[in-house]
Asks: 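Before I ask anything, here is the structure I am working with.
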Amino acid sequence: MTQYSIPQATSPLAMWLDYLSHIHASAIDLGLERVQAVAEKAQLTQQAAMVITVAGTNGKGSTCALMESILLHAGYSVGVYSSPHLIRYNERVRINGQELPDEKHAQAFAYVEAKRGDISLSLFEFGTLAALRLFQTEKVEVILLEVGLGGRLDATNVVEHDIAVITSLAIDHVDWLGSDINVIGFEKAGIFRKGKPAICGQPSPPATVAAHADDIGAKFYQVGIQYHYELSSENGWNWKSGSFELTDLPVPNLPLPNAATALMALGCSGLNVSDIDVIEGLRTAALAGRMQRLDTQPTIVLDVAHNPHSAHYLVAQLERQYPQKSIHLVIGMLHDKDIKSTLDALAPIVTHWYPASLSGPRAATAQALTQYIPYDLQHYDNPVTAFKTALTQAQADDVIVVAGSFHTVGEVLEYWQEKGE
């Protein structure tokens, strides 16, 4: 392997990211032994702040964003760690809703580098420890950690957190987690802790989830049993747990099941959150790349839906918000996703397809996508080229949707921002 010189705390962030992407043998390397050893050496496993860790197939980012919004309205200082990013690495760490400057990330990377010795870390593991260091130095009161992959063996699981959340469970990341939903349930439940709240927002989850909570003595809260929610009107919904009830809440611009799960997590936290904080937090919560509208005439919507579960949700939202509209779909995916089932879920609403190739080792080609679309289509070398074509072909009252991957949405969003719209 090529020898890379170690950057300094004052080195540019780009130099650090290049270094970190080359010093470990693989981009994904599940297992806690290495990262746990460094975390303990760096004194990062025990955080002074309250820590809520969020796992799940879909909805992790939305659930964190909803809790973040509510907590910020309640006056707490909040740190969020999420992945992947859409455009800039800095998106992965937010403190009080803001990204941090490059210099802060470089200093945190330098701290982890000094502590790791000869222990090899993947970029994600390194980034997770650096985020924990940033939350420590910035003295946040609440940390929201989004699990990268699975749960039990994910780098985020080195932290002794206070509340564990599973947002949803479906088959995804087959190369790493397999296709057995019971195994996937067990892997995600690996973030549960003895005596601590463990919340599951997936209706009728595999038996392994509740069984693991029971085995270790976690306090288990299951949607549909320990907490409930329902739409009360087109713009309102109700939430209930035991005798406590919130009524006529505003419907957020993020998935309602995730909002219900976020409320359960905050309800278990003991944090001082008022009804007004909940209402305002729900009303203002937003997340880039999740039903994100860029423009009208034509309407442009970005959504990172990349598996059948999230594709079905996207379809339901588009049918509700844009009934009877022509939908132009710019789609690019990774080859390790369930491409066929995802495209099958999207097909009923799509009027015009624009399949695009992605770049990188996990990328699927446009040709790989079109084998599941029942007619001949033009292929596009990248999402931006596909998006530009859609812009020329869509009518003013049509809807252009960009979906299929964080990479697809990120490339189009970066192009849109650079062209100054």
Side-chain angles (χ1 to χ4, degrees), residues 54-72 78 80-88 90-94 97-99 144-148 165-168 170 172 201-202 237 249-263 265 281-296 299-322 327 329-334 337 342 345-346 349 383 387 399-417:
V54 182
T57 306
N58 297 301
K60 299 185 293 290
S62 295
T63 303
C64 288
L66 286 152
M67 288 192 287
E68 175 189 31
S69 182
I70 293 167
L71 288 167
L72 289 176
V78 184
V80 181
Y81 175 58
S82 64
S83 63
H85 57 274
L86 289 171
I87 301 173
R88 297 173 304 282
N90 309 57
E91 298 168 29
R92 295 190 180 211
V93 178
R94 294 194 301 274
Q98 302 297 314
E99 295 173 15
L144 306 176
L145 289 180
E146 181 185 323
V147 169
V165 177
I166 294 176
T167 56
S168 65
D172 196 15
Q202 171 68 45
W237 64 293
L249 296 168
V251 175
N253 194 41
L254 294 169
L256 196 57
N258 300 333
T261 299
L263 292 188
L282 291 172
R283 200 190 310 278
T284 56
L287 193 59
R290 278 71 161 189
M291 287 302 293
Q292 180 183 1
R293 191 169 72 176
L294 294 185
D295 204 3
T296 57
T299 298
I300 301 169
V301 175
L302 308 182
D303 195 274
V304 294
H306 55 274
N307 52 38
H309 182 274
S310 53
H312 282 296
Y313 175 79
L314 173 59
V315 167
Q317 291 301 104
L318 292 171
E319 287 179 330
R320 183 177 68 82
Q321 296 185 31
Y322 307 106
I327 304 289
L329 179 66
V330 175
I331 182 89
M333 296 188 68
L334 299 177
K337 300 298 178 181
T342 303
L346 294 167
I349 61 158
F387 177 67
V399 181
I400 298 173
V401 178
V402 180
S405 169
F406 280 82
H407 301 277
T408 312
V409 169
E411 287 184 34
V412 171
L413 182 58
E414 185 172 24
Y415 162 75
W416 187 262
Q417 291 177 352

Asks: Check whether any side-chain heavy atom of L302 lies under 4.5 Å from a side-chain heavy atom of L294, and answer yes or no.
Replies: yes
Asks: Minimum heavy-atom separation for A311 and A305, please, with both atom names.
Replies: N-CB, 4.0 Å
Asks: To the nearest 0.5 Å, what is the distance between CD1 (I400) and CZ (F387)?
Replies: 5.5 Å
Asks: Which residues pass the side-chain hydrogen bond (donor to acceptor under 3.5 Å, both in side chains) test with H309, not counting sequence neighbours?
Replies: N58
Asks: Rounded to the nearest 0.5 Å, what's the gap from OH on Y81 to CZ on R92? Could you check?
Replies: 6.0 Å
Asks: Would you check if W237 and L282 make a side-chain contact, meaning some heavy-atom pair closer than 4.5 Å?
Replies: yes
Asks: Determine the minimum heavy-atom distance between C64 and E146, stating which atoms define it.
Replies: SG-CB, 4.3 Å
Asks: Quick one: does E319's side chain have a donor or acceptor within less than 3.5 Å of a partner on I349's backbone?
Replies: no
Asks: For L66 versus P255, what's the shortest heavy-atom pair and its separation?
Replies: CD1-O, 4.4 Å
Asks: Report yes if some heavy atom in the side chain of K60 is under 4.5 Å from a heavy atom in the side chain of S168; otherwise report no.
Replies: no
Asks: Show your working on side chain to side chain contact (heavy atoms under 4.5 Å, CB included) between L346 and L314 and close with a plain yes or no.
Replies: CA-CA 8 Å; L346 294 167; L314 173 59; 4.0 Å; yes
Asks: Does the side chain of Q317 come within less than 4.5 Å of D303's, by heavy atoms?
Replies: no
Asks: So T342 and K337, do their side chains get closer than 4.5 Å, heavy atoms only?
Replies: no
Asks: Within a strict 4.5 Å, meaning less than it, do heavy atoms of the T408 and V402 side chains meet?
Replies: yes
Asks: Hey, could you give me the OG/CD distance between S62 and E68, rounded to the nearest 0.5 Å?
Replies: 11.5 Å
Asks: Please identify which of these residues, T299, I300, L329, T296, meets the side-chain contact (heavy atoms from CB on, under 4.5 Å) condition with V399.
Replies: T299
Asks: When you check the side-chain N and O atoms of T261 and T167, is any donor under 3.5 Å from an acceptor?
Replies: no
Asks: What distance do Y313 atom OH and R290 atom CZ have between them, rounded to the nearest 0.5 Å?
Replies: 11.5 Å
Asks: Closest approach of I87 and G410, non-hydrogen atoms and distance?
Replies: CG1-O, 3.7 Å
Asks: Does the pair V409 and Q292 meet the rule for a side chain to side chain contact (heavy atoms under 4.5 Å, CB included), with working shown?
Replies: CA-CA 10 Å; V409 169; Q292 180 183 1; 5.5 Å; no
Asks: Do the ring planes of H306 and F406 sit parallel (below 30°), tilted (30 to 60°) or perpendicular (above 60°)?
Replies: tilted
Asks: Once you round to the nearest 0.5 Å, how far does CG of N307 lie from OG of S405?
Replies: 11.0 Å
Asks: So, the side chain of E414 versus the backbone of E411: is there a donor-acceptor pair under 3.5 Å, distance only?
Replies: no
Asks: Go through it in stages, so that I can follow the logic: the residues are I70 and L263, the test is side chain to side chain contact (heavy atoms under 4.5 Å, CB included), and I'd like the CA-CA distance, side-chain angles, deciding distance and then a yes or no.
Replies: CA-CA 9 Å; I70 293 167; L263 292 188; 3.8 Å; yes
Asks: Let me confirm one number: the CD1-CD distance from I166 to Q202, rounded to the nearest 0.5 Å.
Replies: 9.5 Å
Asks: Which heavy atom of A285 sits nearest to which heavy atom of S69, and what is that distance?
Replies: N-OG, 3.7 Å
Asks: Kindly say whether L318 contributes a backbone atom to a donor-acceptor pair with the side chain of R320 at under 3.5 angstrom?
Replies: no
Asks: Taking all non-hydrogen atoms of both residues into account, name the closest pair between L254 and A65 and its distance.
Replies: CD1-CB, 4.2 Å
Asks: Given the rule in the side chain to side chain contact (heavy atoms under 4.5 Å, CB included) test, do V54 and M67 qualify, once you have shown the distances and angles that lead to the verdict?
Replies: CA-CA 11 Å; V54 182; M67 288 192 287; 3.8 Å; yes
Asks: Is any side-chain heavy atom of R94 closer than 4.5 Å to one of S82?
Replies: yes
